[in-house]
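Everything below concerns the one structure shown next.
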Amino acid sequence: MIRDITLGQYYPVQSFVHRLDPRVKITAAVLYIIELFIVNDFPGFAVCAGVLAAVVGISRVPPRFIMRGLKPILIILIFTFCLNIFMIDGRVLYHIGPLRVTDNGLYTAVFMSIRLILLIIGTSLLTLTTTPISLTDGIERLLSPLNKVGVATHEIAMMMSIALRFIPTLMEETDKIIKAQQARGADFESGNIFARAKSLIPILVPLFVSAFRIAQDLAMAMEARCYRGGAGRTRMNGMKMGRADALCLAGMFLFLGVIIGMRIMF
């Protein structure tokens, strides 16, 4: 399951989506998240899913690779589904001991699960089609107006990019630690929930040590290369929005208008 985490990974392939300006992709991702929270019915989700499927096809990222990213959040999906299906009042459909399945609970459980799945796939697609360096530059350019009020936009963008970039690294480190502990006879599967939680201590301690070591090595590497923040920095590849970028951005705003119109009409 550790290897199934796709958030923060980059899938190197030549496609129209990969060539888009990172500022356009970041803005499109934000608009997509807003659209998901505006939608209040299943037809709206069907439209969002259709647009997302089209973008996935254009990006040339294998759908199976993207769907792998849902495995690590399976527990969260199940918890969200059960929490909604049993905790919301309505017309009782089925009894499971003291628990009651209601029509409103079932509707809300399915609704929230679909929203969460579309949210994870959409946000993962941003990092899968954008290199960490381009993502950093795009965030910095979008936040650049805040420089006038003293906000360190470059440092913020750098921290966000590093955090995304090191998610796969830490997951690989966790996988190595688990295998090393299992080779020494550690058991992470048997016992009740408290025993399993206690068995995670031999994983968490070396993982924290490894994370601090990686952070220290990165800081030393940046200092050795005379990194002093964004002041006076130049870029090898400048960003310039083309016609395709403008059309994609206009299309996303048009799609936002369609979603708002569906919300008002239905």
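These numbers were taken from a predicted model, which means no experiment stands behind them.
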Between [X] and [Y], is any pair of side-chain heavy atoms under 4.5 Å apart?
{"X": "Thr102", "Y": "Asp89", "answer": "no"}
{"X": "Pro22", "Y": "Asp137", "answer": "no"}
{"X": "His18", "Y": "Tyr10", "answer": "yes"}
{"X": "Val205", "Y": "Ile201", "answer": "yes"}
{"X": "Tyr11", "Y": "Pro62", "answer": "yes"}
{"X": "Leu126", "Y": "Leu135", "answer": "yes"}

Out of curiosity, [X] [atom1] to [Y] [atom2], how far, rounded to the nearest 0.5 Å?
{"X": "Thr80", "Y": "Ile75", "atom1": "OG1", "atom2": "CD1", "answer": "11.5 Å"}
{"X": "Ile85", "Y": "Arg100", "atom1": "CD1", "atom2": "CZ", "answer": "13.0 Å"}
{"X": "Ile78", "Y": "Ile73", "atom1": "CD1", "atom2": "CD1", "answer": "10.5 Å"}
{"X": "Leu77", "Y": "Ile120", "atom1": "CG", "atom2": "CD1", "answer": "8.0 Å"}
{"X": "Lys176", "Y": "Thr174", "atom1": "NZ", "atom2": "OG1", "answer": "11.0 Å"}
{"X": "Leu70", "Y": "Ile76", "atom1": "CG", "atom2": "CD1", "answer": "11.0 Å"}

Is there a chain of hydrophobic side chains (I, L, V, M, F, W, Y, each step under 4.5 Å between heavy atoms) that links [X] to [Y]?
{"X": "Phe166", "Y": "Met220", "value": "no"}
{"X": "Leu93", "Y": "Met87", "value": "no"}
{"X": "Ile117", "Y": "Phe79", "value": "no"}
{"X": "Leu116", "Y": "Leu83", "value": "no"}
{"X": "Ile33", "Y": "Val56", "value": "yes"}

Any donor-acceptor pair under 3.5 Å linking the side chain of [X] with the backbone of [Y]?
{"X": "Arg225", "Y": "Ala221", "value": "yes"}
{"X": "Tyr32", "Y": "Cys48", "value": "no"}
{"X": "Gln181", "Y": "Pro202", "value": "yes"}
{"X": "Asn84", "Y": "Gly105", "value": "no"}
{"X": "Arg60", "Y": "Gln14", "value": "yes"}
{"X": "Ser124", "Y": "Ile121", "value": "no"}

Listing, residues 243-266 side-chain donor-acceptor contacts under 3.5 Å, not counting sequence neighbours, or none:
{"residue": "Asp245", "atom": "OD1", "partner": "Asp21", "partner atom": "N", "Å": "2.9"}
{"residue": "Asp245", "atom": "OD2", "partner": "Gly242", "partner atom": "N", "Å": "2.9"}
{"residue": "Arg263", "atom": "NH1", "partner": "Ile38", "partner atom": "O", "Å": "2.5"}

Let me know which of Thr130, Thr131, Thr136 forms a side-chain hydrogen bond (donor to acceptor under 3.5 Å, both in side chains) with Ser134.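 By the side-chain hydrogen bond (donor to acceptor under 3.5 Å, both in side chains) criterion, Ser134 pairs with just one of Thr130, Thr131, Thr136: Thr131.
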Less than 6.0 angstrom separating the ring centers of Phe81 and Phe86, yes or no?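 Not under 6.0 Å, so no.
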Quick one: closest heavy-atom pair of [X] and [Y], and the distance?
{"X": "Leu125", "Y": "Ser59", "value": "CD1-OG, 3.9 Å"}
{"X": "Phe45", "Y": "Val39", "value": "N-CG1, 3.6 Å"}
{"X": "Gly90", "Y": "Asn104", "value": "CA-ND2, 3.7 Å"}

Under the side chain to side chain donor-acceptor pair (under 3.5 Å) rule, what do Glu173 and Ser210 come out as? Steps first, then yes or no, please. CA-CA 8 Å; Glu173 194 71 20; Ser210 177; 3.1 Å; yes
Looking just at side-chain N and O atoms, do Arg141 and Ser144 make a donor-acceptor pair shorter than 3.5 Å?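 No pair is found: no donor N or O on one side chain lies under 3.5 Å from an acceptor on the other.
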All pairs passing side chain to side chain donor-acceptor pair (under 3.5 Å) where residues 41-56 contributes a residue, at least two apart: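 Sorted result for residues 41-56: empty, none.
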Ring-plane angle category for Tyr107 and Phe42, please: parallel below 30°, perpendicular beyond 60°, tilted otherwise.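 Geometry flag for Phe42 against Tyr107: perpendicular rings.
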Taking atom CZ of Arg115 as the centre, does the number of heavy atoms from other residues, nucleotides or ligands within less than 6.0 Å exceed 12?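 Yes.
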